[in-house]
Amino acid sequence: MTDPQIALMMLGLFIVFVFLGFPIAFTLMAMGIGFGYYAYFDARRMWRSFDRLDEGAGQWEQWTTWLDGFFNNRIFDLFVNQTFTVMSNEVLTAVPLFLFMGYIVERSNIVDRLFTTLNIASKNIPGSMGVAALITCALFATATGIVGAVVTLMGLLALPAMLKARYNPSFAAGIICAGGTLGILIPPSIMLIVYAAATNVSIVRLYAAALLPGLTLVGLYLIYIIGRSLLQPSSAPRPTADEVPDMPMGKLLLMIATSFLPLAFLIFAVLGSILFGLATPTEAASIGALGGIFLAFIYRAMTWQRMRESVYLTVRTTAMVCWLFVGSYTFSAVFSYLGGEHVISEFVQSLNLSPIMFLILAQLIIFLLGWPLEWSEIIIIFVPIFLPLLAVFEIDPLFFGILVALNLQTSFLTPPMAMSAYYLKGIAPPELRLTQIFAGVMPFLFCVILSMILMYVFPQIVFYLPEVFYGR
């Protein structure tokens with residue numbers, strides 16, 4: 001077999017191992033080192049230490065010399081260098097800080113206050129409880145960026161309230177599942193940090209580029225919720241006075257000031273300091289983590305146990321991301337050295353695709369990968385395969401990254417592997433069937449696809465804010 005054929009076999013075996021359920025990070029490292037041992041095999045370099053052995057060398061000396069030769073393969077040098085590169089990456093330093101901010105906010109008891117306040121404030125809007133749930137999801141998802149946490153917590157908080165208010169169960173489930181995924185798109189998104197680290201795109205420009213697409217998607221969700229509530233009132237009945245009592249304006253403003261404004265201020269302070277160049281993403285994440293702790297103390301929700309849980313979850317998730325990067329960097333370096341990227345590039349170019357056709361093909365592949373894989377694995381492992389082709393088709397990596405972020409919304413919403421649906425089913429009442437949740441998320445899935453079409457037709461939705469803030 002030729003080296004490029006071995007590279008393609010390497011990629012195929014990796015996909016097989018993923019479907020068999022092997023840990024992805026360690027599978028990447030094992031395959032990178034295994035195939036890299038072949039790729040970088042140099043008998044003369046590895047076994048030259050035998051030339052210095054005396055004829056009377058003992059068995060122990062021969063054994064240690066052989067062992068030294070066995071590990072004298074450049075793949076081990078590459079693995080160490082890639083590990084050091086990941087651990088010294090300044091962009092990735094923001095990941096644990098943003099994660100810690102999210103886990104602290106999740107445990108600060110602010111979400112239930114926020115949902116209650118927004119529910120009262122929007123009671124005269126059609127589908128008011130659904131609108132309140134979506135906006136709460138959007139703010140909470142933005143603060144945490146962790147889909148499972150948002151869907152689970154909002155499922156415990158908002159779903160029973162909507163079901164009690166006689167909302168259509170499928171409609172209510174779809175709102176929570178769709179709203180919970182927004183955190184991987186709307187800044188300060190951890191997914192965008194990982195994309196920036198994997199592609200060397202400016203994280204600051206990515207954050208600016210993601211704002212309008214994120215708000216566009218939220219707007220489409222709200223239009224659907226309000227429109228369905230108007231056209232089909234039975235799916236979202238107006239709340240009664242017992243369900244949502246009248247509130248004096250002064251008391252309502254106080255509730256908004258003590259629930260909505262603190263979280264909104266924290267998010268805008270973190271994001272604004274990044275966009276206006278007042279702080280680097282890592283510095284802003286530090287401010288956010290400190291602000292999250294401050295909020296938890298203000299709401300009297302900070303306990304030693306909750307702090308321990310937040311630190312543990314932060315360390316676990318950060319370690320997973322870092323080892324994924326180490327494995328991916330090693331795997332992709334060997335894959336490229338064997339000529340795999342060149343084969344894929346030549347194949348795609350031979351198809352004579354237009355830039356728009358290439359974008360559609362790439363997004364379709366990422367859409368399918370979203371069924372068995374998490375977003376982190378797609379960004380770190382498969383997106384770099386497309387990067388060399390972007391220059392060929394004259395596609396801006398910034399634009400490609402926002403499309404990928406939008407596309408990954410669908411991976412959480414598309415049956416049969418819609419993870420947000422499974423998160424919700426895990427804590428939903430037994431009478432809410434999984435098929436009902438799947439039916440509820442489908443209209444929101446079409447909203448995501450519509451937002452992607454809008455990005456294709458009007459690319460300035462992506463480029464406008466980066467150009468305003470930082471020029472071309």
Side-chain angles (χ1 to χ4, degrees), residues 1-41 70-71 73-87 89 92 95-96 99 146-148 184 190-191 193-195 197-199 313 315-344 362 365-388 404 407-408 411-412 416-417 419 422:
M1 294 178 68
T2 63
D3 284 355
Q5 288 173 333
I6 291 175
L8 295 179
M9 182 180 72
M10 177 184 177
L11 182 62
L13 282 175
F14 167 71
I15 295 173
V16 170
F17 287 139
V18 167
F19 280 100
L20 289 176
F22 284 84
I24 291 178
F26 297 106
T27 300
L28 283 168
M29 285 186 279
M31 294 193 67
I33 292 174
F35 281 87
Y37 198 90
Y38 159 79
Y40 294 107
F41 187 84
F70 179 82
F71 284 106
N73 186 302
R74 284 182 294 167
I75 185 59
F76 298 107
D77 299 334
L78 174 68
F79 182 70
V80 172
N81 289 334
Q82 299 291 30
T83 303
F84 178 79
T85 299
V86 171
M87 299 309 171
N89 190 320
L92 289 178
V95 170
L99 283 171
I146 306 161
V147 174
I184 64 172
I190 295 170
M191 193 225 80
I193 296 175
V194 174
Y195 180 85
T199 60
L313 292 171
V315 171
R316 189 180 69 175
T317 307
T318 304
M320 180 271 291
V321 171
C322 287
W323 283 119
L324 270 175
F325 264 102
V326 171
S328 173
Y329 279 13
T330 305
F331 184 93
S332 60
V334 174
F335 182 75
S336 179
Y337 184 79
L338 290 171
E341 285 187 0
H342 182 67
V343 170
I344 293 175
I365 293 172
I366 291 172
F367 172 79
L368 295 175
L369 289 172
W371 290 5
L373 299 178
E374 293 279 355
W375 65 260
S376 55
E377 294 147 7
I378 295 172
I379 294 294
I380 297 171
I381 301 166
F382 289 97
V383 166
I385 295 176
F386 294 107
L387 291 180
V404 169
N407 195 346
L408 290 175
S411 67
F412 287 95
M417 300 298 290
M419 288 307 300
Y422 291 105

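- In terms of the side chain to side chain donor-acceptor pair (under 3.5 Å) criterion, residue partners of D3 (sequence neighbours excluded) are, by chain and number, Y38.
- Contact between P384 and I379 at its shortest, heavy atoms only, is CD-O, 3.2 Å.
- The shortest non-hydrogen separation linking I33 to I75 is CA-CG1, 3.7 Å.
- Residues V404 and I366 meet the side-chain proximity criterion, which asks for heavy atoms closer than 4.5 Å.
- Checked against ring pair (Phe, Tyr, Trp, His ring centres under 6.0 Å), Y329 has the following partners two or more places apart in sequence or in another chain: F325.
- Distance check, rounded to the nearest 0.5 Å: OG1 of T318 to CG of L313 gives 10.0 Å.
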Original post:
Yes or no on side chain to side chain contact (heavy atoms under 4.5 Å, CB included) for I365 and F386, after CA distance, side-chain angles and deciding distance?
Top reply: CA-CA 11 Å; I365 293 172; F386 294 107; 4.0 Å; yes
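- Residue V326 comes nearest to M29 through the heavy atom pair CG1-SD, 4.1 Å, listed as atom of the first residue, atom of the second, then distance.
- Of all heavy-atom pairs spanning G339 and P4, the tightest one is O-CB, 4.2 Å.
- Note: F331 and F14 have tilted aromatic rings, judged against thresholds of 30 and 60 degrees for the angle between ring planes.
- The ring pair (Phe, Tyr, Trp, His ring centres under 6.0 Å) check on Y337 picks up Y40, with sequence neighbours excluded.
- Partners of T83 according to the side chain to side chain donor-acceptor pair (under 3.5 Å) rule, which considers only residues two or more places apart in sequence or in another chain, do not exist here.
- Rounding to the nearest 0.5 Å gives a distance of 13.5 Å between CG of N81 and CZ of F76.
- Between C322 and M87, the closest side-chain pair of non-hydrogen atoms falls below 4.5 Å.
- Take Y422 and apply the side chain to side chain donor-acceptor pair (under 3.5 Å) test, not counting sequence neighbours, and it matches no residue.
- The minimum heavy-atom distance linking L78 with A333 is given by the pair CD2-CB, 3.9 Å.
- Residue A39 comes nearest to L338 through the heavy atom pair CB-CD2, 3.6 Å, listed as atom of the first residue, atom of the second, then distance.
- At a threshold of 4.5 Å between non-hydrogen side-chain atoms, the residues L8 and V343 count as touching.
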**OP:** Under the side chain to side chain contact (heavy atoms under 4.5 Å, CB included) rule, what do F335 and I344 come out as? Steps first, then yes or no, please.
**Re:** CA-CA 11 Å; F335 182 75; I344 293 175; 3.7 Å; yes
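- Here the side chain of Q82 pairs no donor or acceptor atom with the backbone of F79 at under 3.5 angstrom.
- Looking only at side-chain heavy atoms (C-beta outward), V383 and T199 come within less than 4.5 Å of each other.
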Original post:
When you look at I184 and I190, which way does the side chain to side chain contact (heavy atoms under 4.5 Å, CB included) test go after all the steps?
Top reply: CA-CA 7 Å; I184 64 172; I190 295 170; over 6 Å; no
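- Remark: L13 pairs with M9, F17, M31, F35 by the side chain to side chain contact (heavy atoms under 4.5 Å, CB included) rule, at least two apart or across chains.
- Under the 4.5 Å side-chain criterion, counting only non-hydrogen atoms from C-beta, L28 is in contact with I24.
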